[in-house]
Amino acid sequence: MPAKSASTPSTPRRALYALALLILVSKVFYALFSAVEYRWNWSGVWQYRTQFGIGWLITLGVSLAAMLVSVLFGFVLMLGNRARWAPVRMLSSGVVEIVRGSPLLVQLLIGYYIVANALRIDQPLLVGLLLLGAFHAAYLAEIFRGAVESIGASQLEAARAVGFNIQQTYRFVIIPQALRRALPGTTGQLVSLLKDSSLLSVIGIEELVQKVKIMNSASYTALEGYIPLAIAYLIVTLPLSHLARRLEGRFAYET
């Protein structure tokens, strides 16, 4: 494990830097908001605080379910990309490339209004979390594949030398090491998934963004709802981003 850099500030000094930066950023934002000729009306935000909280919980619930779908489906796609049968590899690679090469907004619209409608599925919440999970699964599949392929050939030869079959090799040799190497990238991708959940409003899911739009329309305001919206996302994404950085530092020594 690499030694800690001598230039890395201590924890109290880092806290002091963070506080000074927070004060500076707060003053900048206060000056910018003060310069705008806009009459702020926060009574509507307070009046619809319950609906705002419900939208936030819906966003968190859908995001957590989509995270589970993305991890499971991403693992399946990774296995498909490494399958011995060429048609399976081609299918998995094609899915990954198509999903990664097109915008999530387009996939949500086509997936819900065309595919789900043709299949007579009239549950936007279910369709939304599946589409959101499938979109990020394509990215996770590449993260998982890179982690698996980073394992040295000598370890695979050692597994064969002790008599491991392909299932045992994956279970005892490949997956434990690949999991540790994929953790930082996976955490960062899940942060992106949480933010992308804001697009689910285009298919009628009343998550946080849609609740804010309704709140702004009902209270005849334009900007007030989006400030607590940003704060609500930061409450979740900042700890996840911090976790991703910690994991990157923790497993940086892995080769």
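None of these values were measured; they are calculated from a predicted model. The analysis underlying the following values was restricted to heavy atoms, covering all of them including side chains, and did not include hydrogens, waters or symmetry mates. Numbering of residues begins at 1 and proceeds along the displayed sequence.
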For the CE atom of Met78 and the CZ atom of Arg145, what is their distance to the nearest 0.5 Å?
10.5 Å
Same hydrophobic cluster for Trp56 and Ile214, using side-chain heavy-atom links shorter than 4.5 Å among ILVMFWY?
no
Mark yes when over 12 heavy atoms from residues, nucleotides or ligands other than Tyr113 sit less than 6.0 Å from its OH; otherwise mark no.
yes
Using modelled atom types only, decide if a donor and an acceptor are shared between the side chain of Ser92 and the backbone of Arg89 within a distance under 3.5 Å.
no
Are Leu200 and Leu126 grouped together when hydrophobic residues (ILVMFWY) are joined by side-chain heavy atoms under 4.5 angstrom apart?
yes
At their closest point, which heavy atom of Ile143 faces which heavy atom of Gly185, and how far apart are they?
CD1-O, 3.5 Å
Quick check: is Ile166 connected to Ile175 through a chain of hydrophobic side chains (ILVMFWY, heavy atoms under 4.5 Å apart)?
yes
Measure the spacing between OH of Tyr48 and CD of Glu224 and express it to the nearest 0.5 Å.
13.5 Å
For Ile110 and Val106, run side-chain contact (heavy atoms from CB on, under 4.5 Å): C-alpha distance rounded to whole Å, both residues' side-chain angles, the deciding distance at 0.1 Å, then the answer.
CA-CA 6 Å; Ile110 294 177; Val106 174; 3.6 Å; yes
Apart from Leu68 itself, its cluster of hydrophobic side chains linked below 4.5 Å comprises Leu72
Tightest non-hydrogen contact, residues Val99 and Ala134, listed as CG1-O, 3.9 Å
side-chain contact (heavy atoms from CB on, under 4.5 Å) between Val209 and Tyr233: does it pass, once the steps are laid out?
CA-CA 10 Å; Val209 173; Tyr233 274 102; 3.9 Å; yes
Any chance you could lay out the side-chain contact (heavy atoms from CB on, under 4.5 Å) test for Gln210 and Glu207, step after step, and finish with the verdict?
CA-CA 5 Å; Gln210 185 68 7; Glu207 41 72 64; 3.7 Å; yes
Heavy atoms from other residues, nucleotides or ligands near CD of Gln123 exceed 12 (cutoff 6.0 Å)
no
Would you say Leu190 and Leu194 make side-chain contact, with heavy atoms under 4.5 Å?
no
Tell me, yes or no, whether the heavy-atom count around Arg171 atom CZ, taken from other residues, nucleotides or ligands under 6.0 Å, exceeds 12.
no
Is the CG atom of Asp122 crowded by more than 12 outside heavy atoms at less than 6.0 Å?
no
Between CG on residue Leu132 and CE on residue Met67, distance to nearest 0.5 Å:
9.0 Å
Linked, directly or transitively: Val115 and Ile121 (ILVMFWY side chains, under 4.5 Å):
yes
The reported gap from NZ in Lys195 to OG in Ser63 (rounded to nearest 0.5 angstrom) is 12.0 Å
For the CG atom of Leu130 and the OH atom of Tyr112, what is their distance to the nearest 0.5 Å?
13.0 Å
Between Ile151 and Ala178, the two heavy atoms sitting closest are CD1-N, 4.0 Å
Could you go step by step and tell me if Ser197 and Leu208 meet the side-chain contact (heavy atoms from CB on, under 4.5 Å) rule?
CA-CA 9 Å; Ser197 66; Leu208 187 54; over 6 Å; no
What is the distance from atom OG1 of Thr59 to atom NZ of Lys211, rounded to the nearest 0.5 Å?
10.0 Å
